[in-house]
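Protein chains get the first letters and strands the later ones, always in sequence-line order, with residue 1 at the start of each.
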Amino acid sequence: MKNLHVKLLALALVACGLGLCYYKVHRLGVPLAPDSQAQVWTVEATLRFDGTGRAAKIGLDIPNEPPGFSILDENFISSGFGLSTEADGANRSAQWAARNLSGEQTLYYRLVLTEDPEAHRERTTPVPRYPEVPQYTDPERAAVFALLDNVRSRSADTPSFTQELLRRFNDPTPDTEVEVLRNESADETAQVRQLQYVLAGARIPTRIAHVLRLSESMRHGTLEPWLEVYNGERWLAFNPRNGHAGFPDDALVWHVGDAPLTRLEGANDARVEFSATRSSRDVMGLAQQRARLIDSDVLEYSLLALPIATQNVYKVLLTVPLGALVVVILRNFIGLRTFGTFMPVLIALAFRETELIWGSILFTIIVTLGLLVRFYLERLKLLLVPRLASMLTIVILIMAGVSVLAHRLGMEHGLSIALFPMVILAMTIERMSIMWDESGPRDAIMSGLGSLAVAAVGFVVMTHPLAEYLTFVFPELLLVVLALTLLAGRYTGYRLSELWRFRASAKAIARQR
Amino acid sequence: MTTLGRRLRARLRLMRHSPPLRMPSTLRALGILGMNERNGDYIGIYNDRRHYPLVDDKLKTKELALAAGIATPELYGVVEIEHQVRELDRILDGRREFVIKPAQGSGGNGIMVIADRRGVNFLRASGASVTRSELEHFISNALSGMYSLGGLPDKAIIEYRVKPHAVFDAVSYQGVPDIRTIVFRGVPVASMVRLPTRQSDGKANLHQGAIGAGIDLASGRTVDGVWFNNVLDAHPDSGNRVRGIQVPDWDELLTLAARSYDLTRLGYLGVDVVLDRDHGPLVLEYNARPGLNIQLANQMGLLSRLKQIRALAQVPDDAAARVALGQQLFGG
């Protein structure tokens with residue numbers, strides 16, 4: 001078979017690459033695509049209070065293993081304060097301390113979360129004591145026990161008991177018992193407390209979970225009370241307003257219990273505000289988080305284990321082989337001409353910062369201005385290396401000039417011109433001017449446009465989110481790219497451009513026959 | 001503008017007559033050799049990289065050819081370092097006509113043809129005047145590798161200016177027509193003559209508007225010419241017929257081409273020969289990566305011819321026998 005060696009090698013590379021990829025996907029559960037379902041939330045709690053001029057200690061409850069979310073990152077912005085965090089049963093809190101505080105002070109707590117339906121769904125701790133039956137007043141006692149008997153007869157277990165009770169409590173046309181017990185003018189927390197009070201009559205352990213309903217671009221969010229009951233094994237959540245079981249997907253449990261959210265010593269008037277934003281850009285952070293959860297050696301030795309700054313470099317570098325493959329395809333299969341083999345890949349990398357349209361415009365501006373200067377330099381009869389050095393200087397000056405001008409005109413895109421590879425641009429201008437002189441403007445411009453076209457296609461491929469994600473999380477897929485490149489190296493068929501080039505001769509030869 | 005208009009009209013005329021693209025199967029059936037196949041299956045296999053420097057450096061080619069008794073344009077001198085530019089007068093020795101070219105130039109780039117002198121200045125073949133300092137700058141550029149493969153420092157060759165044989169006078173505009181022969185495993189497989197036009201600015205480059213006319217290997221007579229992919233029988237500048245011109249000393253020329261294989265050891269070789277009025281066929285240069293245009297000029301695909309030669313277990317050692325083989329297989 002023709003090219004057997006190359007084909008076998010390519011097959012081996014593809015098998016290696018896809019095999020490792022398959023293992024990661026199916027055994028370790030690494031997602032194959034940047035998961036659009038799992039959202040990344042950045043939640044911020046802003047705590048304001050007034051200092052009294054004395055030493056102050058400020059405690060703020062913060063989420064502890066919130067169900068339905070995994071915490072990717074959290075940080076505390078509080079310069080000048082001592083900080084510690086402590087876990088206490090179901091809750092966790094941050095403790096700030098400082099001396100001589102006066103005037104209004106602001107502390108921030110920021111939390112980065114991802115929705116993870118599997119996380120911390122089992123809430124088993126702490127195991128509660130069974131509550132004593134409260135000392136109800138006489139009218140209450142009659143209503144409570146009548147209601148509980150009624151509910152008990154219509155339920156099988158603690159959850160259905162709770163739900164039935166909640167249904168009755170929220171009925172728009174309530175029974176008389178409920179009317180006695182319900183206090184509609186009280187705030188929501190007080191209403192939930194009232195429910196707890198009633199449930200204690202059945203000796204069911206309950207607690208209040210304070211949840212933050214996350215919404216896009218939330219600015220002044222507040223905590224809402226949720227009812228949790230203990231069924232002997234675990235805590236079960238119910239919406240006190242309609243009896244629905246479980247926490248909704250957007251509910252972040254901030255803390256549980258009756259204790260206040262903040263505890264102040266030596267300070268007054270705490271005000272807490274919550275804000276949240278949703279983003280899906282932090283896909284790599286998710287993968288990293290998952291890798292840690294999976295705890296596999298394959299991922300221990302992966303790029304995800306590198307420092308973030310290094311990771312970011314590799315995120316870009318690993319897409320370069322795709323750009324090179326694009327060059328191979330466009331040159332050897334399509335037949336486009338470019339200046340320099342991989343110059344378009346470097347231009348495409350610069351496009352990452354400038355975006356495609358602006359990148360193309362800036363590239364055209366630099367090359368055009370550079371060519372004009374180069375035509376002038378031609379008259380000075382300079383030697384090659386000094387001339388190249390002059391061109392490099394001029395290219396940098398043009399770049400600086402364009403940046404300043406663009407900034408003045410308020411076109412901030414023009415600033416990113418600084419990221420163009422100036423040496424490559426200087427060489428491109430040099431080659432283009434030589435081609436201009438020797439083969440005519442048409443060839444020079446065609447090759448220039450060819451380079452730009454290849455750079456544009458390379459940019460689109462290299463910056464595709466899926467391509468970035470796959471090459472970074474599954475670098476072994478580059479073995480597949482390598483295999484394709486090797487196979488392309490033995491492609492001896494026609495280029496698309498040749499189908500055009502030989503069209504006339506094809507006609508003539510056919511006629512001769 | 002008028003030339004551009006003419007070219008555009010020619011293009012448009014062509015578009016009307018033939019579809020813009022051909023199916024690969026059509027080209028395959030016609031035996032057209034593509035760039036990838038040439039690189040992968042011929043140059044990659046039959047041309048040993050070791051032998052490239054012999055053809056990429058025209059100075060080495062000349063020395064080798066001289067030793068083997070193959071005629072090339074006479075070497076007047078070589079400028080190797082910047083400093084020697086000042087010795088130009090000694091090298092030129094008062095000559096009025098000469099050619100300066102980079103030793104490792106490619107594709108006919110960086111060649112300056114001086115046809116005469118006018119006072120202290122020189123006259124290019126095109127008639128343009130060149131000052132002494134411009135000439136020196138040109139040589140400096142050549143030395144710095146501006147025109148050379150890979151841009152490495154180079155040498156400048158100063159050599160005899162070919163006086164073209166009168167046979168192509170009627171169908172060429174300025175410049176020197178050259179005859180390109182593809183020699184595969186030492187056997188000539190196809191030939192064409194490249195005729196400069198006004199459009200090509202006297203350059204023998206098909207891409208820039210020179211005419212390519214195929215030559216029948218057996219008889220040495222030109223067949224129809226091709227100009228910008230158009231089949232044409234009359235020269236666009238002079239109106240003279242391109243077809244049916246007999247190349248003089250044809251068998252000698254082919255033997256020169258065939259012997260070049262023994263010299264270069266390159267299995268897939270392009271040999272460029274010019275016909276000099278006084279000295280007969282002279283080898284101008286060799287090309288280890290000859291282009292595909294010869295198929296357009298000859299209106300035939302190279303592939304079937306190459307495959308025939310490829311299938312041979314043995315090719316004759318004697319150059320004349322290989323020429324006879326090529327003429328017998330592909331002539332007529």
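Neither the backbone nor the side chain of B:R38 comes within less than 4.5 Å of any heavy atom of chain A. Of the two parts of B:E82, only the side chain, counted from C-beta on, holds a non-hydrogen atom closer than 4.5 Å to a non-hydrogen atom of chain A. B:L33 touches chain A through its backbone: at least one of N, CA, C or O sits under 4.5 Å from a heavy atom, while the side chain does not. Proximity to chain A (any heavy atom under 4.5 Å) is restricted, for B:N39, to the side chain, taken from C-beta onward.
Annotation for A:M399: atom CE counts as buried by contact number, over 12 foreign heavy atoms lying within 6.0 Å. Open room surrounds CD1 on A:I357; 12 or fewer heavy atoms of other groups in view lie less than 6.0 Å from it.
The one candidate from B:L292, B:T26, B:N293, B:L30 that meets the side-chain contact (heavy atoms from CB on, under 4.5 Å) condition with A:F502 is B:L292.
In terms of heavy-atom pairs under 4.5 Å with chain A, the best-connected choice from B:R28, B:E37, B:H137, B:M23 is B:H137.
Proximity to chain B at a heavy-atom threshold of 4.5 Å picks out A:R490, A:Y491, A:T492, A:G493, A:Y494, A:R495, A:L496 from residues 483-497 of chain A, in numerical order.
Atom CG of B:N141 and atom CZ of A:R387 lie 5.0 Å apart (nearest 0.5 Å).
The side-chain heavy atoms of B:S144 and A:V385, taken from C-beta on, include no pair separated by under 4.5 Å. In this structure, A:I434 and B:M146 have side chains that are in contact, with non-hydrogen atoms separated by less than 4.5 Å. Within the 4.5 Å cutoff, no side-chain heavy atoms of A:N332 are placed close to those of B:M35.
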Could you walk me through whether A:R331 and B:N36 pass the side chain to side chain donor-acceptor pair (under 3.5 Å) check? CA-CA 10 Å; A:R331 282 174 65 113; B:N36 292 328; over 6 Å; no
